[in-house]
Amino acid sequence: MEIIKIGAIGIVGVMLAVFFRTIKAEYGVYIGVLTGLLIFGCTIGNLTVFMDEITMFQSILSADNGFVAILLKIVGITYICEFCAGICKDAGYGAVGGQIEIFGKVMVLLTGLPILLSVIQTIQNFKG
């Protein structure tokens, strides 16, 4: 039932932002950002369950746990960049939001390089 709460927060926040935007444009932006941060805070609260599952998953794997950490970093980068880019776009700064998205893509690429290198090394070991 958590999704209903988040959906209600989002709808009420958007309705308030639209209402206050007619009074003063920046109020709508502030309410939109506040609504986004509130939803983001609720999401962070649910991450403990996710982290417990990841810890259990790591204990089952006998492989290097560094890969799981890299994958978690990549997921974090994508969520944070998407959140920030969305706020910028809602505020009317689509170009800034686009640059944040490009930066996030480059960071995902750089963060994932160790996994790519490991896959290439594994393939080379099978060939030789």
Side-chain angles (χ1 to χ4, degrees):
M1 295 328 254
E2 192 80 16
I3 189 68
I4 293 173
K5 180 175 90 171
I6 298 299
I9 290 171
I11 291 171
V12 169
V14 167
M15 292 174 72
L16 285 172
V18 168
F19 174 75
F20 281 103
R21 187 172 284 166
T22 60
I23 297 171
K24 207 164 188 185
E26 58 267 10
Y27 290 164
V29 173
Y30 297 148
I31 292 172
V33 170
L34 181 65
T35 302
L37 289 174
L38 186 61
I39 292 171
F40 187 71
C42 292
T43 304
I44 295 294
N46 289 323
L47 282 179
T48 56
V49 174
F50 176 73
M51 291 307 292
D52 291 341
E53 294 295 322
I54 290 296
T55 303
M56 184 186 73
F57 181 66
Q58 282 180 334
S59 67
I60 293 172
L61 289 177
S62 62
D64 183 16
N65 288 337
F67 293 143
V68 175
I70 290 172
L71 291 174
L72 288 176
K73 286 179 188 177
I74 289 172
V75 169
I77 289 169
T78 56
Y79 282 138
I80 291 170
C81 287
E82 183 179 347
F83 180 74
C84 294
I87 288 175
C88 291
K89 288 178 181 180
D90 286 346
Y93 294 95
V96 175
Q99 293 300 315
I100 291 172
E101 288 174 343
I102 290 171
F103 176 78
K105 290 173 184 176
V106 170
M107 291 306 299
V108 164
L109 179 66
L110 291 175
T111 305
L113 278 178
I115 294 175
L116 179 63
L117 292 174
S118 176
V119 169
I120 291 172
Q121 287 174 349
T122 304
I123 291 171
Q124 285 179 340
N125 289 340
F126 282 133
K127 287 170 67 176

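All of these numbers come straight from a predicted model, not from anything done at the bench.
The salt bridge (Lys or Arg N to Asp or Glu O under 4.0 Å) pairs that include a residue from residues 103-118 number zero, where partners must be two or more places apart or lie in different chains. Residues in residues 4-20 take part in these side chain to side chain donor-acceptor pair (under 3.5 Å) pairs, two or more places apart or across chains: Glu2-Lys5. Applying the ring-ring contact (aromatic ring centres under 6.0 Å, His included) test to pairs two or more places apart or on separate chains, none has a residue in residues 86-121. Under the salt bridge (Lys or Arg N to Asp or Glu O under 4.0 Å) criterion, the residue pairs touching residues 16-29 are Lys24-Glu26, with sequence neighbours excluded. Contacts classified as side chain to side chain donor-acceptor pair (under 3.5 Å) and involving residues 108-122 (residues at least two apart or in different chains) are not found.
In this view, Glu53 satisfies the salt bridge (Lys or Arg N to Asp or Glu O under 4.0 Å) rule with no residue, not counting sequence neighbours. The salt bridge (Lys or Arg N to Asp or Glu O under 4.0 Å) search around Lys89 returns Glu101, not counting sequence neighbours. Applying the side chain to side chain contact (heavy atoms under 4.5 Å, CB included) criterion to Ile4, with sequence neighbours excluded, gives Met1. Residues satisfying the salt bridge (Lys or Arg N to Asp or Glu O under 4.0 Å) test with Glu82, not counting sequence neighbours, are none. Residues passing the side chain to side chain contact (heavy atoms under 4.5 Å, CB included) test with Leu113 are Leu110, Leu116, sequence neighbours excluded.
Cluster annotation: Tyr27 is connected to Val12 through the hydrophobic network of ILVMFWY side chains, with a link wherever side-chain heavy atoms come within less than 4.5 Å. In the hydrophobic clustering of ILVMFWY residues, with side-chain heavy atoms under 4.5 Å counting as a link, Ile102 and Ile80 come out apart.
Interatomic distance, CD of Gln124 versus CG of Leu117, reported as 10.0 Å (0.5 Å rounding). Remark: Cys88 SG to Phe83 CZ distance equals 10.5 Å, nearest 0.5 Å.
Between Cys81 and Ile100, the shortest heavy-atom distance links the atoms O-CG2, 3.6 Å. Scanning both residues, Gly97 and Ala85, for their nearest heavy atoms gives O-CB, 3.4 Å.
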Show, in sequence, the C-alpha distance, side-chain angles and deciding distance for Val18 and Thr22, and conclude whether the side-chain contact (heavy atoms from CB on, under 4.5 Å) test is met. CA-CA 7 Å; Val18 168; Thr22 60; 5.5 Å; no
Enumerate donor-acceptor pairs with a distance under 3.5 Å from any side-chain N or O in residues 28-45 to protein atoms, sequence neighbours excluded.
from, atom 1, to, atom 2, distance (Å)
Thr35, OG1, Ile31, O, 2.8
Thr43, OG1, Ile39, O, 2.9

With a 3.5 Å cut-off and sequence neighbours excluded, list the donor-acceptor pairs that the side chains of residues 67-78 form with protein atoms.
from, atom 1, to, atom 2, distance (Å)
Thr78, OG1, Ile74, O, 3.3
Thr78, OG1, Val75, O, 2.7

